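Computed from a predicted model, the values in this text were never measured in an experiment.
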Amino acid sequence: QMPGTARHDREMAIQAKRNLSKTTDPVERLRLQCLARGSAGIKGLGRVFRIMDDDNSRTLDFKEFVRGLNDYAMMIDKEEAQEIFRIFDKDGNGTIDFDEFLVTLRPPMSNARKEIVMQAFRKLDKSGDGVITIEDLRGVYNAKHHPKYQNGDWTEDQVFRAFLDNFDSPYEKDGKVTTEEFMNYYAGVSASIDTDVYFIVMMKNAWKL
């Protein structure tokens with residue numbers, strides 16, 4: 001677990017529940033319902049959609065979309081679901097691309113926050129190829145402090161893998177973390193933190209930037 005994220009997760013969930021009663025914007029309501037489950041909430045909805053997508057088209061029609069929302073226990077009535085679907089179905093062809101959907105659902109981040117997240121990413125991405133792998137982590141992340149390494153349960157590589165799994169898309173845990181996945185993770189964390197200054201301090205401390 002990343003330094004400090006469990007607490008931010010709780011704060012974010014509480015804040016999201018509080019804001020839910022105040023917002024009428026359907027996309028914002030869906031976003032807040034996801035965030036009320038913590039920073040992995042949006043990724044979780046993505047996983048449900050991935051399962052719905054029987055033909056691997058990476059798109060959903062309205063029926064699949066509603067089924068996914070119901071499976072994920074989102075409190076959304078049919079009219080609201082139609083409105084959200086219309087917003088995401090940009091070309092009006094009756095399907096939505098769910099990668100686009102998840103990016104739009106991701107909480108917006110200021111440029112200052114995006115920049116510090118990218119600094120952390122670049123520090124971890126030793127090889128500079130835009131993907132963080134176990135190889136990249138060897139020189140940057142110290143596995144020896146991990147309790148499971150200390151008690152002999154895990155090898156160094158298993159510690160690295162568990163670390164990468166935090167950021168990885170839940171439905172495609174491949175031990176590689178892309179910029180997009182890293183940014184998605186921190187967009188969730190960022191949503192619970194009010195000021196840019198505090199977010200930046202947290203990132204600097206966590207990653208020794």
Side-chain angles (χ1 to χ4, degrees), residues 1-19 27-28 30-50 72 98-134 136-137 139-143 145-146 159-209:
Q1 190 62 333
M2 273 299 307
T5 50
R7 195 194 54 196
H8 294 310
D9 247 24
R10 274 198 307 278
E11 286 169 15
M12 180 181 64
I14 292 164
Q15 208 175 329
K17 286 186 189 113
R18 203 179 296 135
N19 291 341
V27 174
E28 181 65 13
L30 184 58
R31 176 185 293 140
L32 289 169
Q33 284 193 50
C34 286
L35 292 176
R37 301 180 177 208
S39 55
I42 291 175
K43 287 201 305 200
L45 184 56
R47 180 170 59 222
V48 171
F49 284 160
R50 190 68 46 114
Y72 201 51
F98 58 60
D99 291 320
E100 209 173 310
F101 171 77
L102 293 173
V103 167
T104 311
L105 202 55
R106 188 168 79 187
M109 285 170 97
S110 69
N111 285 335
R113 294 188 191 208
K114 282 185 185 152
E115 181 45 46
I116 196 83
V117 171
M118 283 313 297
Q119 273 182 38
F121 185 88
R122 286 192 292 267
K123 180 173 178 178
L124 287 173
D125 178 18
K126 267 282 197 253
S127 61
D129 62 356
V131 181
I132 305 170
T133 60
I134 285 178
D136 285 320
L137 290 181
V140 206
Y141 180 71
N142 190 348
H145 298 311
H146 198 287
V159 174
F160 290 147
R161 184 58 199 259
F163 174 81
L164 290 174
D165 281 350
N166 280 322
F167 304 101
D168 217 347
S169 303
Y171 29 72
E172 300 177 306
K173 286 200 188 293
D174 52 7
K176 297 184 179 72
V177 177
T178 62
T179 321
E180 185 68 13
E181 288 170 332
F182 199 72
M183 202 57 99
N184 275 336
Y185 178 88
Y186 275 112
V189 174
S190 164
S192 68
I193 296 175
D194 288 335
T195 68
D196 283 1
V197 170
Y198 182 53
F199 182 80
I200 289 165
V201 166
M202 181 207 78
M203 289 296 288
K204 283 188 165 163
N205 291 341
W207 296 110
K208 304 189 172 53
L209 298 171

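- Of the inter-residue distances, the one linking Met118 atom CE with Thr179 atom OG1 reads 5.0 Å to the nearest 0.5 angstrom.
- Between the Asp196 side chain and the Ala112 main chain, no donor and acceptor come within less than 3.5 Å of each other.
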Original post:
Can Tyr141 and Val159 be said to form a side-chain contact (heavy atoms from CB on, under 4.5 Å), step by step?
Top reply: CA-CA 10 Å; Tyr141 180 71; Val159 174; 4.2 Å; yes

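- Tested against Leu164, the residues Asp174, Leu124, Val177 include a single side chain to side chain contact (heavy atoms under 4.5 Å, CB included) partner, Val177.
- Using bins of under 30°, 30° to 60° and over 60° for the plane-to-plane angle, the ring pair Phe182/Trp207 lands in the tilted bin.
- Distance alone, capped at 3.5 Å, is enough to place a donor-acceptor pair between the Asp136 side chain and the Lys126 backbone.
- For Glu180, the side-chain hydrogen bond (donor to acceptor under 3.5 Å, both in side chains) criterion is met by Arg106, not counting sequence neighbours.
- The side-chain heavy atoms of Met183 and Met109, taken from C-beta on, include a pair separated by under 4.5 Å.
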**OP:** Go through Lys208 and Lys123 one step at a time and tell me if the side-chain contact (heavy atoms from CB on, under 4.5 Å) criterion holds.
**Re:** CA-CA 10 Å; Lys208 304 189 172 53; Lys123 180 173 178 178; 3.7 Å; yes

Subject >> Stepwise side-chain contact (heavy atoms from CB on, under 4.5 Å) test for Lys176 and Ile132 >> reply: CA-CA 6 Å; Lys176 297 184 179 72; Ile132 305 170; over 6 Å; no

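- Looking at every heavy atom in both residues, Ala13 comes nearest to Ala36 through CB-O, 3.3 Å.
- Interatomic distance, OG of Ser110 versus CD1 of Ile200, reported as 6.5 Å (0.5 Å rounding).
- In terms of modelled atom types and a separation under 3.5 Å, the side chain of Arg113 and the main chain of Thr195 share a donor-acceptor contact.
- Annotation: the span from Ile14 atom CD1 to Lys17 atom NZ amounts to 7.0 Å, rounded to 0.5 Å.
- Residues passing the side-chain hydrogen bond (donor to acceptor under 3.5 Å, both in side chains) test with Asp129, sequence neighbours excluded: Ser127.
- Using cut-offs of 30° and 60° for the angle between ring planes, the Tyr186 and Phe199 rings count as perpendicular.
- Side-chain contact between Pro108 and Arg31: present, with at least one pair of heavy atoms (C-beta onward) separated by less than 4.5 Å.
- Note that Arg37 lies in the cation-pi zone of Tyr72, set by a 6.0 Å cut-off to the ring centre and a 45° limit from the axis.
- Salt bridge annotation for Glu115-Lys204: absent, with no cationic side-chain nitrogen under 4.0 angstrom from a carboxylate oxygen.
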Subject >> Full working for side-chain contact (heavy atoms from CB on, under 4.5 Å) between Phe101 and Leu30 >> reply: CA-CA 11 Å; Phe101 171 77; Leu30 184 58; 3.6 Å; yes

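- Here the OG1-CG distance, from Thr178 to Asp125, works out to 11.0 Å after rounding to the nearest 0.5 Å.
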